Amino acid sequence: MAGAFAKTAVVYFSATGTTERMAKNAATAMGADVFEIQPVHKYTSADLNWHDKKSLSTIECNDPKSRPAIANTIDLSGYDTVVLCYPIWWSYAPKIMYTFAESLDWNGKKLVTLCTSGGSGLGRSGSDLAKYAKGADFKGGKDFTRGSGADIKKFVEGLLK
């Protein structure tokens, strides 16, 4: 890989496939490596039912200490830039993203956050998540629910200049 994205990793969590498509399009456009955060507990449609106050995703979102377990290990030691991609749940990144952010050494890494959303947009999710990525140089983020890989590439290039 060469150019602006020489050592870039796109890391995503997707419960329904929407964020996965966005992340893979972004990685392809940037020539970046792509990694999936796989939860130990795979989310069912019942877990994701935001109308149900007892659904797993609602319970996690309402618990600031919730840190769902991750089934796989992602080694980002060889990367300078990490693009985190996630859905928005109740105006925030899913708590598994916090688990991931807290598990890494972010010193010397640039961080960009991209989300998919049913309507609430990025909000403070990126800057909030960056607080848990200790040592990261947070460059910014954006909602890319709609937009091509080329759109994402142009946006991220602008942030990294």
Side-chain angles (χ1 to χ4, degrees), residues 8-30 32-74 76 79 81-104 106 109-149 151-153 155-156 159:
T8 298
V10 173
V11 180
Y12 73 91
F13 166 72
S14 183
T16 64
T18 303
T19 304
E20 179 180 22
R21 281 188 297 281
M22 183 263 289
K24 287 182 174 178
N25 288 340
T28 298
M30 293 187 286
D33 294 333
V34 65
F35 301 93
E36 178 184 7
I37 296 170
Q38 299 169 353
V40 167
H41 173 88
K42 301 282 187 217
Y43 291 85
T44 66
S45 56
D47 292 335
L48 300 172
N49 181 358
W50 59 275
H51 295 292
D52 180 357
K53 291 186 180 357
K54 293 182 179 158
S55 74
L56 182 60
S57 57
T58 302
I59 291 166
E60 287 177 3
C61 287
N62 287 325
D63 179 0
K65 292 182 173 59
S66 176
R67 294 296 183 269
I70 297 173
N72 58 322
T73 302
I74 299 172
L76 298 177
Y79 296 92
T81 302
V82 179
V83 179
L84 289 182
C85 303
Y86 52 88
I88 293 293
W89 290 358
W90 295 262
S91 303
Y92 295 97
K95 294 298 171 104
I96 196 165
M97 297 305 297
Y98 293 80
T99 307
F100 183 75
E102 291 173 343
S103 74
L104 288 184
W106 290 92
K109 295 188 189 316
K110 296 177 186 102
L111 171 62
V112 175
T113 59
L114 304 177
C115 76
T116 57
S117 168
S120 55
L122 184 74
R124 292 191 328 261
S125 69
S127 56
D128 190 52
L129 200 52
K131 291 176 197 164
Y132 295 88
K134 301 282 188 232
D137 178 7
F138 180 57
K139 294 299 190 180
K142 189 171 179 180
D143 179 342
F144 271 103
T145 304
R146 287 155 201 81
S148 68
D151 295 334
I152 296 170
K153 178 182 177 185
F155 173 75
V156 175
L159 291 179

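Because the structure is a prediction, the values reported are computed rather than measured.
Here the closest non-hydrogen pair linking Ser120 and Ile88 is OG-CG2, 3.1 Å. The shortest non-hydrogen separation linking Ala15 to Leu48 is CB-CD1, 3.8 Å. For the pair Lys95 and Cys61, the tightest heavy-atom approach, listed with the atom from each and the gap, is NZ-O, 3.8 Å. Taking both residues in full, the closest heavy atoms of Leu111 and Ala136 are given as CB-CB, 4.0 Å, listed atom of the first, atom of the second, then distance. Between Ser125 and Ala93, the shortest heavy-atom distance links the atoms CB-N, 3.8 Å. Contact record, Ala101 with Trp106: O-NE1, 2.7 Å, taken as the closest heavy-atom pair.
Taking 4.5 Å as the limit, every side-chain heavy atom of Phe13 sits out of range of all side-chain heavy atoms of Cys85. Counting heavy atoms from C-beta on, the side chains of Tyr98 and Ile96 never come closer than 4.5 Å. In this structure the side chain of Ser117 never reaches within 4.5 angstrom of the side chain of Leu122, judged on heavy atoms. Taking 4.5 Å as the limit, every side-chain heavy atom of Trp89 sits out of range of all side-chain heavy atoms of Thr58. Between Arg21 and Thr18 there is a side-chain heavy-atom pair separated by less than 4.5 Å. Looking at heavy atoms from C-beta onward, Phe100 lies out of side-chain contact with Arg67 at the 4.5 angstrom threshold. Under the 4.5 Å side-chain criterion, counting only non-hydrogen atoms from C-beta, Pro87 is in contact with Pro94. Here the side chains of Ile37 and Met97 are in contact, with some heavy-atom distance below 4.5 Å.
Although no hydrogens or angles enter the test, the distance criterion places a donor-acceptor pair under 3.5 Å between the side chain of Asn72 and the main chain of Glu36. Listed for the Asn49 side chain is no donor-acceptor partner under 3.5 Å among the backbone atoms of Ala46. Although no hydrogens or angles enter the test, the distance criterion places a donor-acceptor pair under 3.5 Å between the side chain of Thr99 and the main chain of Pro68. Not a single donor-acceptor pair under 3.5 Å links the side chain of Lys109 to the backbone N or O of Gly135. Panel note: side chain Ser55, backbone Asp52; a donor-acceptor pair is recorded below 3.5 Å. Thr116 places no side-chain N or O within 3.5 Å of a backbone atom of Phe144 that could act as its donor or acceptor partner. Panel note: side chain Thr81, backbone Thr8; no donor-acceptor pair is recorded below 3.5 Å. Ser57 places a side-chain N or O within 3.5 Å of a backbone atom of Asp47 that can act as its donor or acceptor partner. Of the possible polar contacts, one joining the Ser127 side chain to the Arg124 backbone as a donor-acceptor pair under 3.5 Å is found.
Open room surrounds CH2 on Trp50; 12 or fewer heavy atoms of other groups in view lie less than 6.0 Å from it. Few gaps surround OH on Tyr43; more than 12 heavy atoms of other groups in view lie less than 6.0 Å from it. Residue-environment remark: NZ (Lys54) stays at or below the threshold of 12 foreign heavy atoms within 6.0 Å.
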>> As a quick check of understanding, evaluate side chain to side chain contact (heavy atoms under 4.5 Å, CB included) for Val82 and Val112, giving each step before the final call.
In response: CA-CA 6 Å; Val82 179; Val112 175; over 6 Å; no
> Between Gln38 and Ile70, is a side chain to side chain contact (heavy atoms under 4.5 Å, CB included) present by the stated rule, with each step listed?
Replying inline: CA-CA 6 Å; Gln38 299 169 353; Ile70 297 173; 5.6 Å; no
>> Between Tyr86 and Tyr92, does the side chain to side chain contact (heavy atoms under 4.5 Å, CB included) criterion hold? Intermediate values first, please.
In response: CA-CA 10 Å; Tyr86 52 88; Tyr92 295 97; over 6 Å; no
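Residues Asp151 and Ser148 have side chains that bring a donor and an acceptor to within less than 3.5 angstrom of each other.
The side chain to side chain contact (heavy atoms under 4.5 Å, CB included) with Ile152 is formed by just one residue from the set Val83, Val10, Leu114; it is Leu114.
A distance of 8.0 Å separates NE2 of His41 from CD of Glu60, quoted to the nearest 0.5 Å. One distance of note links CG of Leu159 with CZ of Phe138; it measures 8.5 Å at 0.5 Å rounding.
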